[in-house]
Each structure stands twice: as structure tokens, then as C-alpha cells.
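First comes the structure, then the notes that go with it.
Since we're looking at a predicted model, the values are computed, not measured.
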Amino acid sequence: MKRKLFFKFSAPSNLTMITLMLIPLGVAVFLSLHFVTFVNINTPKFVGLSNYAAILTDPQFWQAFRFSMVILIIAVPIQIVLGFCMALLLDQIRSIFRGVILALILLPFVVVPVVGTLMFKQLFEVGGLVAYWYRAVFNQPFLFTPTSVRVLIIIHLIWYVTPYPLVVFFAGLQGLPESQLEAAEVDGASRWQQLVHIVIPFLRPLLLMTSMILIMDMYRMFDSIMVMTEQNPMYQAENLMMYSYRVGMMVQRLGRANATAILTVLGVMVVLIPFLRITYKNQMRNE
Amino acid sequence: MKSLRTTPQVSEWGFPGWLMPINDLVEKYWDEYDLGDIPQTAWDAVTINGEILGVPVVGNSFLMIYRADLFEKHGIKVPETYEEVIAAAKKLKAGESSIDVPFTINLHAAWAWEMEFFQMLGAFDGKFLNDDYTPAFNGPEGVKALEMMVKVAKEAMGPEGLSYSIDDTEIGLQTGRLAFANTWASRAVKMNDPEYSDFVDELKFAPAPAGYPGGKVAASAWNDFYCIPKNIDGDRELIFQVMMEALDLESQTKAVEYGIPTRMKSMESDMVGAYMPAAMEGIARGAGAYPLTPATPLVRTALQEYLPTIMNGTMSAQEVLDKAAASYTAEAKANGYL
Amino acid sequence: MRYIKKKSSRIWIYLALAVYVVFCALPFYWTTMQSFKTVRQAFARKPLFFFKPTMQNYQELWIKSTPENFGFLGMILISAFVLFVILMVFAKRFRMPTAFTRSIGMALLLFTLIMLPRVVDTAEFYDYFLNSVIVTAGVVVISMSIGSVAGYALARYSGIEGVVIIIIALAFRALPRMAFALPYYSIGQATGLHDTYLIVILVLTAANQPFTIWMMRAFFAEIPKEIEESATIDGLGPLAAFVRVVVPTAWPGIISTGLFSLLIAYHEFLIVRVLTQSKWTLPVAIVQFTGGEAPGHMTLAAAAAVSATIPIIIIIIIFQRHLVKGLTGGAVKG
């Protein structure tokens, strides 16, 4: 395809994407340097970097940062490992059940996130099934405390997101080099050895890509935490997105909230840049 | 195109000038729609600097709902102060195995904490703000109020009661999980309805508990208002008339089922619930409505941010309130109210 | 990997999968049960598994009062809906392009949905549902029409600019929604676009583009170049060749991508919450059912949750293959 035609074809999409995403980023940078509330939204007052200073010295920001990191460190490895194991098991099912199981597994991932969280939470609330089991087993009520709410959020994120790596790995398994596996078997390699020496290396690019995507998605998780905590500070389960939302929409400090958003963008760059480099290399190799 | 706003939202929307003043229309239609039947206090709650910004539709307040059979069984007399509430709750917790939670006020969310605090603060004769908008809620009355809330939460409600939402409280009373509660008057409506309640004859009503004997009760006065947004395109007079149709005596009389209608004449209806006297006590002897100042929304936000953290036990009531006051002061200064 | 034949091992495999499937499905099962209970049954101290189901919650959610004057307009709507079903089911039998017939069908459906409140006195929830339909339809149509052309161009162009755009798209995809939801709040206020369908659709389309072009590019790359080359020889211009020759062969990929576009728009909470006040979609509306001051009991929330999930379940049943393909085909969920 000629260059001119390429630009003609891709212009509508690129213009939409780049203008509609760069303009707000520019506005965000602008607002982050100003004092803006809902009331003086049309006459912002320049305050320099003081919004950033206020955030970086706010203990609540650091608490939100810590919880964001806790989510990443605990949830992502579990999602990957659980997804991988379940994909291996599902690969063993060759009957009609495969489709049925797959459909059920996909449910948490394709349901509206807010609704999924609501459903998940209902199990633990007054009148909920798991709350009842909990009381039956431990002879005490299930309580929403800072610890239990944080654990619930993480379990919920595992419930919600694991289908994604699962399906990706499952599809990857369908493309395994059969001849290599057969050769290994002839050589007397055990199942475990096959897994470690052939299957995992084969799926390595997929593992890497899914981990990166999961890290980025967990980092910007908002809906689930919003529904689970109902913005109650008692649970101390606020992540960076919730912090920014609260400062912007509740405290009405739009300038400071935008500064938080800019900081979170800078934060995601840490993960993003190596990811982009890998992608760039892959793309150049393909061309 | 009319929109419904509640009491604290009048500050939030009225001061920035997002609501349309309707003084002329109210005056013009005063007699035609018998607007004098709506009490002056309700009009005051929607009037900023002499501009009337909405029409009061339905009111609400707080009252205590209790299981008379359980109180009788354990020889408890209906509590009038929160100290008595705590004593009664302790007795029920120790002696009554049929319930999960003895007592609740609504503390399941940040905004609920702030609301209960506003009521409790009133019951200890405190207030949100001084006249110059400097914070008053972190004074000794505020500390007493918050300490009382914590005491109620720990000794009368327990950790399970802390997660009870307004819905949970209503259903808890109807299904026997809960023995008594201080809750919204509008939630009292279905207490004696056999379709919803297992304890039709046992659930009784009393005024909200007071902070100290003979003091004000921990209840607030609420109104919902029909307001017209300022940036509206349509004919404002027509909209006003539509609002008035929705406010006629007939529909107001029906509204008795769902809360406290603002038309006093509707109170003469036979449908007036058994809870109405207790609810009216809450309005008459309670903390009243949220103060109409531009700074009120900032106070509420600051309190919502800090009050619930007291349950984590790392800060005293004074420290929590001082933090909220500092946060409020910073915002109020930045907005030019101080 | 090789099929495991040992009986005992297979039992363990099935058992482990069963546990995981129960974990996935339990919340759906329980919420569905709750949605058919009265408030009293739903909060019973011993959970009820067998009970007489009530439609009360769904009725309260969707309909204000039962219809009285179900007259002329009602007949039109019913016939429009019937026509929609006929068009969708027998699309291939007509002597017109299938896509064309299907589009007419969709237009009829949209017409039925929008006109329905004039016949039946629907409750607020229906308005939210309609908002969801409008926003989702807008996003999918715009996003797919500009995104598929761009994806095609990216798949066929080998210059460095293509790679750069792909990388920029990936970077945008990773941005937290908050980073543009809040600025758009200010932009909306300044331009008067706040609380309109337009701004929500535009912002969601932009947010959708990165993943749409990634996915479409991957699908188009699988289609041999010879197809459009022969079309160009036949005298078609590049755009005509794309529309008439390439698109029909790429249809499965377009469905996959469109599905994800649809899901992203249908799922969105934050952007709709921040950018609208009266045009809430289902996710925003449903959050209001939980623990607010208004008496929206959990059974009502359960009915709302189930109602919002039914379209999704229909999608899984019809398009499961496309979904899986979309997830894996170089796809990156937005």
C-alpha cells in the first residue's frame, strides 16, 4: 500500500484517537497547574506545582499507592497461575462439555464489571449465601473490616479477570508443536518435564504479554473497588483511581484530581515503556 | 424537566447559581395552589438570600422503631437518651438469642457517618460552623457527639451492626434480626404491613433518642424539593404548573404512605401512619435542617473523609475532628469563604 | 498436550474444573435466585433455595403501570419487532446484501425500543437501558467504521509510520480512564456538551480506537493480498475494493472486534458517571441501587443486575467462538 493511501485510510481513526486523547491530556496538565473547583470551572487560578506538592505530601495518596501495589503484587501472579492451570485442565476436555465450561468461565469477564462486583458482594452481605456458610462454619458473622474488604477486593479481581489469561493460554495450547512433544515422549520425558521444557517456553511470549496487560489493567482498576467499598474510608481500601475520583468529584478539587491523574499516567509508564519496547521490536521483526 | 433535590443539595446547587429563583411564580400562584399550607420552615430550607429556589414536596425525619414484645420480655423501658439505648442494647445482647444485632444507627457508609454526626452534634447542642464560617464541629460538643457515636457503635451495635445499610435496618426489624433502631421516618411505613413484616403488632415507634436527659433528640429535618435548573430552555411557568399538579392535596395525601408530606392538610387524612407523631417530634425537637451556607458542602465532604476512620482506633475523636477541620479550613480558604 | 486416559486422573481434572466453574458461576446463581424473591424471602435467616418465584422485582424495575391504551402505535411496534426478527433470521434468503438487510433489521429494533415508552408506561430503568442501547450502538457503528479502514491500512502498509501509530495506540490503551474522564468534564462544561450522548459516544469511541485498530489489523493481516489485487485489476478503486471485496472476507474478524467494542461501551461506568447527569447508562444506574438513601432494596438491585446481564448471556451463547477468537487474536481488551 502506498503511503498516501495509508494516511487517507487511517486518518479518521488516527485523528479521532489522537486528538480526542491528546487534548484531554493537555487539559489535564493545564488543570493540574491551577486551582479549579466546580464553582470556578471557567476561571481557573494558576497555582504552579502546588497541587503536585499537596498530593505528594498527602498520606492518603501514599496509602492509595500502597494498596494499588498490593493489588498488583498479589492478584496478577494468582490470575496468571490459576489461568494457566485451568487452561491445561480445560485442554484435557475433548467432549461437548468444553464449550459449556468455556461459556460459564467467560461469564465473570464479560458481565458488566459493576454488576459483577455487585453480584459478588451480595454473597457476603446480610442474607447472602457465603455469609450464611461463614456463620455456619465459624459460628460468627462475616464482617466487613479493612482486612476482609481488601481480601474480598482481591478475590473478586481474581474471579473477574482470570478468564482472560485462561482463554488466551487455552488458545495458545491449541498451537503446541505436537512433533516436539511426541519426540520428548519417545525419549521418556515425563509430563512435568514436557511442561517445563516445551510447553512453558512455547507459551512464554503469551505469558509475558498477558502479564503486562494484567498489570496495567489491575493498576487502573476502578469499578470494582468503587462498588465494593462504597467509598467508605473506614476500609482503607482506596487505590489511586479511587483517590483521584474522590478528590475530583467529592472534594471538588478538579485541579488536584487532574494532577493525581497525571501522576498515575507517569506511574503506568514504568510498566508501559518496557512493554512498548518489546512490542516495537516484535513489530519491526515482522515487517 | 424538573429535578428533585434534597436539603443539603440546596446549598450545593443553590450557591453556585445552578437553580432558578421562582419567587414571582410562588407569589402569583400562592392562592391558586394554596401554597400557604406548606409550613414556613420548609420554604426557608430552600430560600437563599431571599431567592426561593424550589418547592418543598415531601419531608423526612428520624425516629426510633422498637420491638415492644422484646422490650417487655426483658423489662426494658423505651430509651429516651443514648445512654439508655446502650444499656437496653446490652441487656438484649446478653439475654435475647433470637436477634443478630440489638440496635443500629446507619453507619455503613461515609455519608451515613456524616449524617448521623450532624444529628448527634445537634443533640449535644453543637453546630457545624460559626457565623464567620470557621469550623465549630471540632469543639467540645463535637467531641462528645463523636465519642457517643463510637460508644453506640461498639457497645450497642457491634461490628455486624456497623455494616447494616438503611435497607438492612428496615428488613432487619421486619424479620427479627434487629431489636430496635434509630432510622428514617420513611422507613417506618412498612413496619406494620403484613406483606413485609413478621412483627406487625410488635413494632412500635418512639421519638429519636436524645444526647442527654431533656436535651434535643438526635434527628434532623429533611425536605425534598422540586427545583428548576437555571439553564433550562422550556417555559418555566409551564414547568412550575406541572410541579404544582404533582403537589396537589390528593397526591400529597397518598404521599403520607411514603414519608411526611409538606401539605399540612394532608395530615388530616385517615392514612396518617402510627409513626407520624414520633417523626414530628424529630422535626420539632431535633437538629433541624442542614445550614444553608456555601461552605456546608465542604464541611460534609471533610467529615465524610475522616469520620469513619475513627473506627480503626488509631485516632481519638478530637484528633479525627481536628483533621476534618483542617481539611475543611484548607478547602474553605481556597474557595474564598474564609 | 497429550490426552490423559487414566480414569482416576480424569476424575480429578473434572473435579478441579467443576470447583472453578462453581466459583465463576456462584454469584450469578445467587443473584438470580435473589431477584425472584420478595424482600422478606431474600433476607431470610436461612437462605431459601426452593420458593415460589415472584416477578414483582422485575415488574417494579421496568414498568410503572400496566398499559391501558395499547392501540394503534402498539400494533406498529409489534409489527416492527416481528419484521426485525424475520429480517435477522432470514437475512440470507433475501436478494439483497445480508449486511443491508441486517442493518434495516437493527434500525427497526432501535425504532421499537425508542417508541416503546409511548405505548407502555415504562419505569426509569427502561430509560437507562435505552441510554445504554443508544450509546453502545453509536460507539460500535462509529468505532468500527473508522477503525476497520484504519486497521486494514495498517495491515497493508509496511512503513515505519504504521509501527509508530500502533505503538501510540498501545500507549493510549494503557492510560487510566481517569486521565481523560476528568479533563472531559471540564471540556464538556466549557463547550456545553456536558450531559449529551454525543460527548459520551465520542470519548468512548476514542478510548475504543487503540484496541479496535490493533485487532482489525491482526485480522486483516491474515487475509491474502491477492484478493484486493484482483479486485483492483477489475477496475475498482482502493476504497471500493476494500468495501466490496475485503470486508466480506473479513466478516468474522469484524464481528469479533465489534463485540469487544460493544462490551467496552456497555460496561463503561466512570466516563458516563462523570460526563452525564440525566443520560445515565445501566452500570451507573445500577450502582445507585446499592446502599443509597433511596429505598432500592437488594432484591431490586438483583433484578437490575440480572436484567443487565441477559444481553451479555445472549451474546455469549450466539458469539462464543468470536469472543474467544477476539480475546486471543492479538486482541487486547480495552
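In summary, the aromatic rings of C/Phe180 and C/Phe172 are positioned with their centroids too far apart to meet the 6.0 Å limit. Side-chain rings of A/Trp159 and C/Phe28 approach one another, their centers coming within less than 6.0 Å.
The closest donor-acceptor contact from the side chain of A/Gln231 to the backbone of A/Arg246 lies at 3.5 Å or more, if one exists at all. Looking at A/Thr260, its side chain does come within 3.5 Å of a backbone N or O of A/Arg256 through a donor-acceptor pair. Side chain of C/Ser132 to backbone of C/Leu282: a donor-acceptor contact under 3.5 angstrom is found. A distance-only check finds no donor-acceptor pair linking the side chain of A/Tyr219 to the backbone of A/Leu240 [under 3.5 Å].
A/Thr117 and A/Met228 make their closest contact through CG2-CE, 4.0 Å (heavy atoms, listed as atom of the first residue, atom of the second, distance). Between A/Ser244 and C/Leu182 the shortest heavy-atom distance is OG-CD1, 3.8 Å.
Residue C/Ala181: no heavy atom, backbone or side chain, is found under 4.5 Å from chain A. With a threshold of 4.5 angstrom between heavy atoms, C/Ala42 approaches chain A through N, CA, C or O but not through any side-chain atom. Only the side chain of A/Phe97 has a heavy atom closer than 4.5 Å to any heavy atom of chain C. The parts of A/Val112 that come within reach of chain C are both its backbone and its side chain, each placing non-hydrogen atoms under 4.5 angstrom from that chain. For C/Ile142, no part sits under 4.5 Å from any heavy atom of chain A, backbone or side chain. Neither the backbone nor the side chain of A/Leu263 comes within contact range of chain C, judged by heavy atoms closer than 4.5 Å. Neither the backbone nor the side chain of C/Phe319 comes within contact range of chain A; no heavy atoms are under 4.5 Å apart. A/Arg135 does not touch chain C: none of its heavy atoms, backbone or side chain, sits under 4.5 Å away. With a 4.5 angstrom heavy-atom cutoff, A/Met119 touches chain C via backbone and side-chain atoms both. Proximity to chain C (any heavy atom under 4.5 Å) is shown, for A/Glu182, by neither the backbone nor the side chain. Both the backbone and the side chain of C/Ile4 have a heavy atom closer than 4.5 Å to some heavy atom of chain A. For chain A, the nearby part of C/Ile312 is the side chain; its heavy atoms alone come within less than 4.5 Å. In this structure, chain C has a heavy atom under 4.5 Å from the side chain of A/Leu31, while its backbone stays farther away. Both the backbone and the side chain of A/Ile93 come within contact range of chain C, with heavy atoms under 4.5 Å apart. Neither the backbone nor the side chain of C/Pro311 comes within contact range of chain A; no heavy atom of the residue lies under 4.5 Å from a heavy atom of that chain. For chain A, no part of C/Ala18 is nearby; none of its heavy atoms comes within less than 4.5 Å. Contact of A/Val168 with chain C is made through backbone and side chain together, with heavy-atom distances under 4.5 Å. Contacts between C/Val149 and chain A at a heavy-atom distance below 4.5 Å involve backbone atoms as well as side-chain atoms. Proximity to chain A (any heavy atom under 4.5 Å) is restricted, for C/Ile187, to the side chain, taken from C-beta onward. Only the side chain of C/Ile160 comes within contact range of chain A, with heavy atoms under 4.5 Å apart. With a threshold of 4.5 angstrom between heavy atoms, C/Ile213 approaches chain A through side-chain atoms but not through N, CA, C or O.
A donor-acceptor pair shorter than 3.5 Å can be found between the side chains of A/Gln174 and A/Asp91.
Below 30°, between 30° and 60°, or above 60°: for C/Phe23 and C/Tyr20 the angle between ring planes is between 30° and 60°, a tilted geometry. Ring-plane geometry between C/Phe260 and C/Phe211 is classed as perpendicular, the angle between the planes exceeding 60 degrees on a 0 to 90 degree scale with a lower cut at 30. The aromatic rings of C/Tyr157 and A/Phe7 sit tilted, their planes meeting at an angle between 30° and 60°. Under the 30°/60° scheme for interplanar angles, the aromatic rings of A/Phe109 and A/Tyr160 are found to be tilted.
Taking C/Lys46, C/Arg45, C/Met33, C/Gln189 one by one and counting their heavy-atom pairs under 4.5 Å with chain A, the maximum is reached by C/Lys46. Chain A forms more heavy-atom pairs under 4.5 Å with one residue of C/Ile168, C/Thr212, C/Thr309, C/Leu175 than with any other, namely C/Leu175. Of the listed residues (A/Val268, A/Thr16, A/Asp223), the one with the most heavy-atom contacts under 4.5 Å to chain C is A/Asp223. The greatest number of non-hydrogen atom pairs below 4.5 Å with chain A, out of C/Ile315, C/Val274, C/Val284, is found for C/Val274. In terms of heavy-atom pairs under 4.5 angstrom with chain A, the leader among C/Arg10, C/Glu268, C/Lys225, C/Arg321 is C/Arg10.
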C/Thr31 vs C/Val306, side-chain contact (heavy atoms from CB on, under 4.5 Å): CA-CA, chis, key distance, verdict
CA-CA 7 Å; C/Thr31 306; C/Val306 173; 4.2 Å; yes
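Side-chain contact between C/Leu259 and C/Leu263 is absent, with no heavy-atom pair separated by less than 4.5 Å.
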